[in-house]
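What follows is a short report on a single structure.
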Amino acid sequence: MPFNLTEEAWIPVVGNDFKVREVSLVELFDNWETLREIQSDNPPTTLALYRFLLAILHRAYQVPRNEEHWEEIFEDNGEEAITYLQDRADRFDLLHPEHPFMQDMALPIDKAVSVHAIHTMSTSKVFSHEHEWSGYSLSLPEAARLLVRLQGVDITSLRAYYVGQTKGNRSAVNTPTINAANVLVQGSTLKQTLLFNLMRYDPNSEISGAIKGEDIPTWETSYAGRPTKSIPQGYISYLTFPWRRLKLFVENNSVSQIAITMGNSLPDKVTPQQWECGIAYRDDRPVRMSLNRQLWRDVDSFLLSAEKNHRPRIIDWLAELRSEELVEDIVTLQIVGFSADKAKPLGWSTQQFSAPKAYIVDTELATTLKLAINTAEEHQQIFRSFRGSPYYALAEILKHGDAGSLAQALDGESRYWATLDREFPKLLYALPQDTETGADGITRYGHRQLPAWTQTVQNAARDAFTESIQSIRNYQARAAALRSLSYQLAKFRGETGQKTGKDKASEKFPQAKAS
């Protein structure tokens, strides 16, 4: 019995009524103007589905060659994608007897594991809280999403040997989406989101040295065969690269077991950077998404290319669309990250960030924003425990042997960043209006806003530190810490020649004595 993904409902989408429902591939492209977004079981699966749909669009339209071709695709409104899906429908059958979607028929059931444990071949709780004895199984739509996720977003781990293999390497590599901040440009509809991320792609000029054949999706060839090191034949091939060998075992229209072995990997010294369009790179390494800091602190990596920092190529493409007035005044980025320590999943995060589109086309403006972020990052030194720092001065009088643990316990830094989290959006939208044009004709930003932001940062640091030591009853220690604070803030203002031994802190506690 077939289960064809072009006709069966399996992709979770949010409609204009904000309700989640599942649609088939054909229905998705037929209604993408009235759909808001994809919202799958978890952010990694959502990211994998977007990349899968982009591969379909690139294949169906033979990639946008330029802005004019992109406009033609926009006007076509998905018709060519639907035609492609209908013409190649057999390649999207989850249960096809010869070439089931994204699966390898050669894998036997003795290679299978319970679906609850597929993430690390153990009882990982990242994707499933079930246990083997629970009888946990997946529906066919869930199983289809799992296949797409495993090929698109999966961490390294030991897998079963492939058929006929009894020794050697059996470790599946991280997919390039792991430990990277994956950027999706978000529109007001699913159509806009997909097309904003459908960047111009010219295989002959961008990766001509890597192309060995026709650039087509792997589902048109095979997800089977002994794993090997290979180079994708182009961007479409890369988006559908067979990082895993998989086989579902279906019983009564549900899946409780899946065979999984290592799949293909890139040859040594071949990096994903030449194909990846949604990842920023710093020193040729992917910019990662932190699980414990706000996105705005790294946003310059996504808006600005400078020195060894390269923003995602999709932002370069968006800047070209902007020059043709094809994008809106506000650019919204959805950024998805999945962090792992080797085979240990640490967690995922998804955040949205909106900014005036001027930041993606005006290098001077983006550079000024980076200066403001650097100011905030520099001032976090206030909350460290080096000799001469406020917390060190506090610990010294309290005779607390570990200034670092004291600083961590009092945690003024969290208060500091919480304040700036609220203040940064004001700067972000005010900065493009704060312009001055010099005699050289160059427009510069921040004449008023940068000094104001510096004052905001200093006030936030002062208030956060002061609040953090309110519980300390030793007033001599508090006074010493506040003197050090004033001195450190003066250093950041460039007033290094000013001694602040008798400053406002001393005035606040004129008769400070040890408690």
Side-chain angles (χ1 to χ4, degrees), residues 3-57 60-61 70-71 73-86 89 92 94 127-129 138-149 152-153 182-198 253-254 278 295 314 318 321 326-338 348-355 357 425:
F3 188 86
N4 200 295
L5 303 181
T6 66
E7 301 172 348
E8 302 285 350
W10 68 289
I11 300 181
V13 294
V14 178
N16 286 330
D17 56 2
F18 294 96
K19 294 181 179 179
V20 179
R21 63 188 178 94
E22 293 181 1
V23 297
S24 69
L25 283 170
V26 169
E27 186 179 0
L28 183 145
F29 288 110
D30 198 35
N31 294 280
W32 61 348
E33 283 185 309
T34 61
L35 300 174
R36 300 181 66 87
E37 61 181 353
I38 295 172
Q39 190 178 104
S40 195
D41 315 77
N42 47 65
T45 304
T46 298
L47 172 65
L49 286 171
Y50 272 116
R51 290 167 70 96
F52 165 67
L53 293 171
L54 287 171
I56 291 175
L57 286 170
Y61 289 99
W70 186 90
E71 286 188 87
I73 295 172
F74 196 93
E75 293 298 323
D76 183 71
N77 200 26
E79 291 298 324
E80 193 64 33
I82 293 173
T83 298
Y84 168 76
L85 290 168
Q86 292 172 337
F92 295 92
L94 196 67
F127 287 93
S128 173
H129 297 276
L138 300 176
S139 66
L140 293 179
E142 290 172 323
R145 296 195 293 272
L146 174 63
L147 290 176
V148 174
R149 201 272 298 166
V153 186
N182 299 272
V183 175
L184 286 167
V185 182
Q186 193 159 38
S188 58
T189 65
L190 180 56
K191 174 185 176 179
Q192 283 189 349
T193 296
L194 286 171
L195 292 185
F196 285 160
N197 291 280
L198 191 74
N253 288 326
S254 66
L295 180 66
I314 192 61
L318 195 68
L321 294 180
L326 298 175
V327 296
E328 299 172 354
D329 290 338
I330 302 298
V331 172
T332 299
L333 306 180
Q334 181 179 1
I335 304 178
V336 181
F338 187 171
W348 59 62
S349 177
T350 179
Q351 296 186 43
Q352 283 191 354
F353 180 85
S354 296
K357 65 182 180 183

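Everything numeric in this text was worked out from a predicted model, so none of it was measured. By convention here, the first residue in the shown sequence is residue 1.
Interatomic distance, CH2 of W70 versus CG of L321, reported as 5.0 Å (0.5 Å rounding). Annotation: the span from I335 atom CD1 to Q351 atom CD amounts to 7.5 Å, rounded to 0.5 Å. The structure places CZ of F52 at 14.0 Å from CG of L47, a figure rounded to the nearest 0.5 Å. Remark: N42 CG to R149 CZ distance equals 7.0 Å, nearest 0.5 Å. Put simply, CH2 on W348 and OG1 on T46 are 9.5 Å apart, with the number rounded to the nearest 0.5 Å. Atoms CG and CG, from L53 and L190 in turn, are 7.0 Å apart once rounded to the nearest 0.5 Å.
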Evaluation steps, side chain to side chain contact (heavy atoms under 4.5 Å, CB included), between F3 and N253: CA-CA 9 Å; F3 188 86; N253 288 326; over 6 Å; no
Run the side chain to side chain contact (heavy atoms under 4.5 Å, CB included) test on L25 and I56 for me, step by step, so that the C-alpha distance in whole Å, both residues' side-chain angles and the decisive distance to 0.1 Å come before the verdict. CA-CA 10 Å; L25 283 170; I56 291 175; 4.0 Å; yes
When you look at V148 and T45, which way does the side chain to side chain contact (heavy atoms under 4.5 Å, CB included) test go after all the steps? CA-CA 7 Å; V148 174; T45 304; over 6 Å; no
Residues T189, T34; criterion side chain to side chain contact (heavy atoms under 4.5 Å, CB included); working and verdict: CA-CA 7 Å; T189 65; T34 61; over 6 Å; no
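Side-chain atoms of F92 and L85, non-hydrogen and from C-beta on, do get closer than 4.5 Å to each other. Proximity of V185 to T332: side-chain heavy atoms (C-beta onward) are nowhere separated by under 4.5 Å. In this structure, V331 and L318 have side chains that are in contact, with non-hydrogen atoms separated by less than 4.5 Å. In this structure, the side chains of V14 and L35 stay at 4.5 Å or more apart for every pair of heavy atoms. In this structure, L140 and W10 have side chains that are not in contact, with every pair of non-hydrogen atoms separated by 4.5 Å or more. Side-chain contact between L147 and L94 is present, with at least one heavy-atom pair separated by less than 4.5 Å. L333 has its side chain out of reach of L184: every pair of non-hydrogen atoms, C-beta onward, lies at least 4.5 Å apart. No side-chain heavy atom of T193 sits under 4.5 Å from any side-chain heavy atom of S188.
Cation-pi check for K191 over F196 is not met; the charged atom does not lie both under 6.0 angstrom from the ring centroid and within 45 degrees of its normal.
In terms of heavy-atom proximity, L194 sits nearest to L57 at CB-CD1, 3.9 Å. The heavy-atom pair separating E80 from A60 by the smallest distance is CG-O, 3.4 Å. Scanning all heavy atoms of the two residues, the minimum distance from A48 to G152 falls at CB-CA, 4.5 Å. Minimum interatomic distance between W32 and G78 (heavy atoms only, all atoms of both residues): CZ2-N, 3.4 Å. Contact between G278 and I314 at its shortest, heavy atoms only, is CA-CG2, 4.3 Å.
Scanning for salt bridge (charged side-chain N to carboxylate O under 4.0 Å, His left out) contacts around R36 gives an empty result, with sequence neighbours left out. The salt bridge (charged side-chain N to carboxylate O under 4.0 Å, His left out) check on E27 picks up R21, with sequence neighbours excluded.
Counting only distance, with no hydrogens or angles, the side chain of Y50 and the backbone of I38 share a donor-acceptor pair below 3.5 Å. D41 places no side-chain N or O within 3.5 Å of a backbone atom of E142 that could act as its donor or acceptor partner. Judged purely by atom type and a 3.5 angstrom limit, Q334 has no side-chain atom pairing as donor or acceptor with the backbone of Q352.
When only modelled atom types and interatomic distance are considered, S139 and S254 share no side-chain donor-acceptor pair under 3.5 Å. Between the side chains of T83 and Q86, no donor N or O sits under 3.5 Å from an acceptor N or O.
Of the residues listed (D30, D76, T6, L28), the one engaging I82 in a side chain to side chain contact (heavy atoms under 4.5 Å, CB included) is D30, and it is the only one.
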